[in-house]
Amino acid sequence: MKSGIYKYDLMATKRNDPDYEQVSGYVHKDIALKFRIFCMTQRLTQSDALEQALSFWIESKNSETNQPSITPDRPSEPSPPDTQPTEPQPTAAKPTAAKTKGGRGKS
C-alpha cells in the first residue's frame, strides 16, 4: 500500500470505479472471523483477498468440469496462451449483476 493512502481511500476508489461491482453473501461466523484475521495479518484488503479467492475457486471449478476459463478483459493480467488449437468461440454476453435492496450490509 502506498504511503499516505489508507484502506478506506482505496475502497472509496473501487466503489466509484465502474470496473468493480460489490459482491456479498453470508458465511458462518467462524469463517468470517478467520477471513478478517487472515486479511489483517497478511495486510490485504478484504476486497483483494475475496477477489483472489473467487478467481481461484472459479478456475478450479472450471478445470473440474473442463469448462473454458471465463475472464474479463483486464490489461494488467494477460491470460495464459492457449496450448491447444480450437475453433473461434462466440463472444460471451456481459453478465449482469443483481442489485440488492436496502442499502449497505456489514463489511
Report summary line: Output for pair (Lys34 NZ, Cys39 SG), nearest 0.5 Å, gives 14.0 Å

Report task. Dump the intermediate steps for side-chain contact (heavy atoms from CB on, under 4.5 Å) on Phe35 and Val27, then the final yes or no. Result -> CA-CA 10 Å; Phe35 179 68; Val27 297; over 6 Å; no

Requested in this report: Any chance you could measure Tyr26, atom OH, to Ile31, atom CD1, to the nearest 0.5 Å?
Outcome: 15.5 Å

Requested in this report: Measure the NZ-CG distance between Lys14 and Asp48 for me, rounded to the nearest 0.5 Å.
Outcome: 3.5 Å

Report summary line: To the nearest 0.5 Å, atom CG of Leu50 lies from atom OG of Ser55 at 9.0 Å

Report task. I would like to know whether Tyr20 and Glu51 meet side-chain contact (heavy atoms from CB on, under 4.5 Å); could you show each step before the answer? Result -> CA-CA 10 Å; Tyr20 287 86; Glu51 188 171 358; 4.0 Å; yes

